[in-house]
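This is a predicted model, so every value here is computed, not measured. A, B, ... follow the sequence lines: proteins, then strands. Residue 1 opens every chain.
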Protein chains: 2
Amino acid sequence: MTKHTPPLRLLRNSRALRRAEEIVDAAAQVFAERGYHGTSTQAIADVLGLRQASLYYYFPSKEAALEIVCERGVDGFLERAEAIVARKESALQRLTHLVASHLEPIGSKPDYVRVFINERRYLPNAARKRIARKIRGVERCFADVLAAGVADGTLRPDIDIRRTVLLILGMCNAVINWPAADRDAIDETAREIALLATRGLRSGSGA
Amino acid sequence: MTKHTPPLRLLRNSRALRRAEEIVDAAAQVFAERGYHGTSTQAIADVLGLRQASLYYYFPSKEAALEIVCERGVDGFLERAEAIVARKESALQRLTHLVASHLEPIGSKPDYVRVFINERRYLPNAARKRIARKIRGVERCFADVLAAGVADGTLRPDIDIRRTVLLILGMCNAVINWPAADRDAIDETAREIALLATRGLRSGSGA
DNA sequence: CGGGATTTCTATAGATCAATAGAAGATAGA
DNA sequence: TCTATCTTCTATTGATCTATAGAAATCCCG
C-alpha cells in the first residue's frame, strides 16, 4: 500500500467493478475457510483462476481485502438493530426481532459474517476500532430493549443486562461456526433463540 | 518432525519437563493472542527470552505445539460432563451443573481453552478428529440431559434438542472471547446461563 | 481495423519463517 | 576437578509469501 494507489476512478467502470467484486467474494470465501493468516494471496487468486500478482491491480494489500470483507460482514447490523429498537412494540417483541435480524446475514452472506466474527481482530487498528464501535452500537440496542423490559416489569429485575446481552449475542454468533447442516434453518434457529431468551428472562415464572 | 525424535526419556527429567511446560505455556499465550497462523516460533521464544531454534530441542514442530495446547484446552471437559450426567439429580439440576463445569476451565486455563476453541480447526487431521470426538461426547451429555428433561415433562416437548445444545454451548464458549473485564466473574456467568436455559426451556410457562 | 486504455501476465525482489546442523556452554555426578 | 550428558546457541537452508516492475495481451471505441 505504497505508491500503486488503486485506480479509484476505474472502480466506477462496471467491468473493473465486477472483477473487484469477484475478488472480494473469493477473499471472503478463503478467509472464512482458512482464516486470514492461514490464507495466501495465491489461494485467493486460485479461486478465480487468476495469477497472484493480478490481485494487486485491484487491491493495495491483503490487509485491505480483509478490511473490505469485514466491513461488508458487519454492514447493516447496526442500522437494522436501531430501526427495531425504535419501533413501538413490547420489549419481548423487539428482542425477538433483534435476534431474527441479527441472524439474517448469517444466512445471506455467511462467508462475510464469518470473517467479520472470527478475523476482525487481525485488522489494523483504525478499521478494528471502527468495527468495534458498530458492535458496541448493536450491543447497546439489545441492552436498551432489555432495560426497557426490566423497567416495565416484563423482564426479571435481577438480570445483569450487560452480561445477558453478551450471552444472547453469543448464541447468535455461535451459529456462524456451526456445520452447514446445522446452519441451514436460520429462521428456526432465530425462533429458538428468541424463545429461549424471552422465556428465560421474563419475570413471574417462579424462582 | 523427521529425524530429531524428541528426547522422550528426558521428559521424565524434572528440569526438562519444567522447561517444556514453560514453552507450552508461552505457546498457549501467544496462540491465544495472535492465532496459530499469526504466531511465529520466534514470538514464542521471545516470551521466554529463548532463541527461536532452541524450541526445537523440546518440540518437533509448531504444529505439535498446537496439538499439545489444544489437548490441554479440551482436557477434562468430557470426563466431568459424563460424571455429571450419571448423577441421580433432576434434569434441570444436572443441566445447571453441566454449564458450571463447562465454564470452569475458562477461568482456570483461559489461554488453553481459547486456543482449543479458536484454533483447533488448524490441527492436522488426526488430532482434529480426536478432539472433535471429545466435543461430540460433551454435546451428547448435554443432549442426554435435555432429552431426560423432555421425557419426564420438566422441559418443553417442542425443543429441537440438537440445536438447543449448540445454543447453550454457544453461550458457554462465547465467554472465552469476552474482554477480560467481562470474563472475570465466571461463577456469576455460569448461573446466568443456567438460569436462562432452565427457565427458557422448562415447560408450563405459557405460550 | 487501428490505437489508446485497461487488464492480466511473467519475473523477481525482499522479507519472513519453520526447521536443521553442529558448535558452545551449562550442569551434575564421580 | 574431570567428564559425560543435557541444554542452548550461532548460523544457515530452503520454502513461502507479499508486493512491485514492467512486458504482453485484451478490450473498446472510432
Give a yes/no on whether any side-chain N or O of [X] is located under 4.0 angstrom from OP1 or OP2 of [N].
X	N	answer
B/Tyr58	D/dT8	yes
B/Thr41	C/dA18	yes
A/Tyr56	D/dT20	no
A/Arg15	D/dC28	yes
A/Arg19	C/dT8	yes
A/Tyr57	C/dT7	yes

Quiz prompt | Identified side chain to side chain contact (heavy atoms under 4.5 Å, CB included) counterpart of A/Arg162 within the set A/Asp160, A/Val165, A/Ile159 | solution =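 Running side chain to side chain contact (heavy atoms under 4.5 Å, CB included) over A/Asp160, A/Val165, A/Ile159 with A/Arg162 returns exactly one hit, A/Asp160.
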Practice problem: With B/Leu98 as reference, evaluate B/Ile168, B/Val138, B/Leu169, B/Val145 under the side chain to side chain contact (heavy atoms under 4.5 Å, CB included) test and give the passing residue. | Solution: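 The side chain to side chain contact (heavy atoms under 4.5 Å, CB included) with B/Leu98 is passed solely by B/Val145 among B/Ile168, B/Val138, B/Leu169, B/Val145.
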Quiz item: Between D/dC9, C/dT8, D/dT7, which nucleotide gets closest to the side-chain atoms of A/Ser54?
Solution: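 Within the option list, the nearest is C/dT8.
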Exercise. Quick one: label B/Ser40 by what it contacts on the DNA or RNA (base, sugar-phosphate, nothing), any heavy atom closer than 4.0 Å.
Key: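 B/Ser40: backbone/sugar contact only, no base atoms under 4.0 Å.
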Self-check item: Donor + acceptor pair across side chains of B/Asp46, B/Gln42 (<3.5 Å)
Solution: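 Per modelled atom types, B/Asp46 and B/Gln42 side chains form a pair under 3.5 Å.
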Quiz item: Is the closest side-chain donor-acceptor distance between B/Tyr36 and B/Asn118 under 3.5 Å?
Solution: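 Checked: B/Tyr36/B/Asn118 side chains show no N/O donor-acceptor pair below 3.5 Å.
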Quiz item: With distance as the sole criterion, do the side chain of B/Gln52 and the base of C/dA19 form a donor-acceptor contact below 3.5 Å?
Solution: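 Side chain to base: pair present.
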